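Working notes for the structure below.
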2 protein chains.
Amino acid sequence: MRIAELSRTSGVPVATIKYYVREGLLPAGVRIRHNQVDYSEDHVTRLRLIRALIDIGGVSIETTKELLAMLDAETTSVRESLGAVFYAMGGRRSSVGESELQGAAADVTALLSRREWKITDGSPALHTLIDVCAALRQLGHTDVVAAMDEYAVAAELIATTDIGLVRGEPTIERMTETAIVGTILGDTMLAALRRLAQEHVSQDLLAETGRDVAQ
Amino acid sequence: MRIAELSRTSGVPVATIKYYVREGLLPAGVRIRHNQVDYSEDHVTRLRLIRALIDIGGVSIETTKELLAMLDAETTSVRESLGAVFYAMGGRRSSVGESELQGAAADVTALLSRREWKITDGSPALHTLIDVCAALRQLGHTDVVAAMDEYAVAAELIATTDIGLVRGEPTIERMTETAIVGTILGDTMLAALRRLAQEHVSQDLLAETGRDVAQ
């Protein structure tokens with residue numbers, strides 16, 4: 001199909017498609033005449049994935065590029081490919097003090113030991129978690145840090161579902177895509193479910209309080 | 001204290017502090033001489049909160065401003081204040097097709113009914129969830145949509161902890177801050193815990209597979 005049709009089918013403007021090709025997110029089309037470039041269904045699929053990661057996942061162009069490179073790479077093992085995906089979506093860095101960072105590192109180490117999680121030292125998620133705990137300590141929210149065990153139990157449930165979904169896929173390529181899509185769109189899904197569940201739970205609690213008052 | 005000391009104490013550059021004041025994120029200092037403005041400990045606290053939301057929570061300047069306005073507003077009820085916070089952190093919009101949106105809306109309605117969650121129609125989280133499901137359908141990942149019940153169970157656990165933390169706070173102002181910090185920094189914490197739990201769970205599963213092969 002021509003670029004105009006690719007744009008109509010995918011809902012992505014022509015200028016944006018050209019930008020993605022220039023940035024290496026989308027493979028170039030095949031030139032079939034000197035003034036005509038042909039695009040395939042694969043381009044439609046890839047464009048949808050790009051838009052989902054950017055629009056729904058809130059991921060940057062740069063990270064999307066890295067994730068797609070992983071998807072296109074010939075990886076030898078699921079574990080390698082999964083590890084790479086999870087690591088690419090690692091950490092935000094913060095600017096908290098050294099003493100908060102040390103306290104936070106101790107909080108996180110104790111949590112990992114209680115949960116018996118064996119985590120590679122260089123894990124960006126480990127650094128992100130330490131940064132979050134340090135920021136919470138600095139803000140005086142040690143109550144949130146103390147609740148981390150409860151959040152970790154929920155995270156284990158989530159991860160078990162995640163890994164089950166990845167393992168259910170027939171090919172390595174599809175496993176990698178599920179790891180990317182499930183983790184990034186999944187973060188947005190989980191944040192939305194969390195807000196909805198908060199509304200549900202706070203109604204329930206208020207209903208209880210209401211009954212207490214009425215009695 | 002002077003702005004230079006505020007900068008040293010908070011770790012935020014002077015130019016950034018001035019920018020936050022101009023943007024209305026940080027209250028101006030008190031002018032004590034024609035060339036000297038005084039800042040208090042409250043400024044340090046507020047700066048830490050701003051940096052945590054932006055650096056750790058990945059929130060925009062605009063949303064940070066809205067959240068701080070909520071924190072400063074005299075709200076009459078916890079529920080109102082909580083609702084406002086959760087709603088402000090609502091949805092990303094996507095560009096998926098109408099038929100995927102309808103299917104996704106049906107998926108989400110069925111989920112809410114199975115979980116007996118009563119949610120306000122205008123909830124931005126509801127729209128985000130529908131958008132995510134529509135994107136997943138379009139990408140052919142109905143397996144992830146089908147796993148939403150399992151994610152919802154985990155989200156309920158998380159929300160119960162969330163609401164418990166908020167209810168444990170002594171004042172409305174502190175409740176609002178916990179709702180903001182706990183939800184935004186909490187999303188980052190949960191994403192990090194999810195990555196770590198994924199590493200833990202995939203090791204466990206690989207260890208099992210290893211044993212199967214060895215037998």
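All chains are named by letter (A, B, ...) in the order of the sequence lines, taking the proteins before the strands, and each is independently numbered beginning at 1. Remember, predicted model here, so these are calculated numbers, not experimental data.
- For the set B:Gly140, B:Ala191, B:Ala155, the count of heavy-atom pairs under 4.5 angstrom toward chain A peaks at B:Ala155.
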Next on the checklist: Before you tell me yes or no, could you show the steps for A:Leu157 and B:Glu150 under side-chain contact (heavy atoms from CB on, under 4.5 Å), namely the whole-Å CA-CA distance, both residues' side-chain angles and the distance that decides it to 0.1 Å?
Outcome noted: CA-CA 8 Å; A:Leu157 276 180; B:Glu150 294 174 38; over 6 Å; no
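- If you measure heavy-atom distances from B:Leu185 to chain A, the contacts under 4.5 Å come from both the backbone and the side chain.
- Under the 4.5 Å side-chain criterion, counting only non-hydrogen atoms from C-beta, B:Lys118 is not in contact with A:His200.
- If you measure heavy-atom distances from A:Glu116 to chain B, the contacts under 4.5 Å come from the backbone alone.
- In terms of modelled atom types and a separation under 3.5 Å, the side chain of B:Arg194 and the main chain of A:Thr183 share a donor-acceptor contact.
- When atom types are taken as modelled, the side chain of B:Glu199 and the backbone of A:Thr120 share a donor-acceptor pair closer than 3.5 angstrom.
- Atom CG of A:Leu193 and atom CE of B:Met148 lie 7.0 Å apart (nearest 0.5 Å).
- Here the CG atom belonging to A:Asp143 is positioned 5.5 Å from the CG atom belonging to B:Leu165, to the nearest 0.5 angstrom.
- Taking a cutoff of 4.0 Å between a charged side-chain nitrogen and a carboxylate oxygen, B:Asp162 and A:Arg195 do not qualify as a salt bridge.
- Within the model, atoms CD of B:Gln198 and CD of A:Glu156 stand 12.0 Å from one another, a figure rounded to the nearest 0.5 Å.
- Residue B:Leu49 holds its CG atom at 11.0 Å from CD of A:Gln138, rounded to the nearest 0.5 Å.
- Note that OH of B:Tyr151 is 6.5 Å distant from CG of A:Leu190, once rounded to the nearest 0.5 Å.
- For the options B:Arg48, B:Met189, B:Arg115, B:His141, heavy-atom pairs under 4.5 Å to chain A are most numerous at B:His141.
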Item to check | B:Ile158 and A:Ile158: CA distance, side-chain angles, deciding distance, side-chain contact (heavy atoms from CB on, under 4.5 Å) verdict | outcome: CA-CA 11 Å; B:Ile158 292 165; A:Ile158 292 165; 4.2 Å; yes
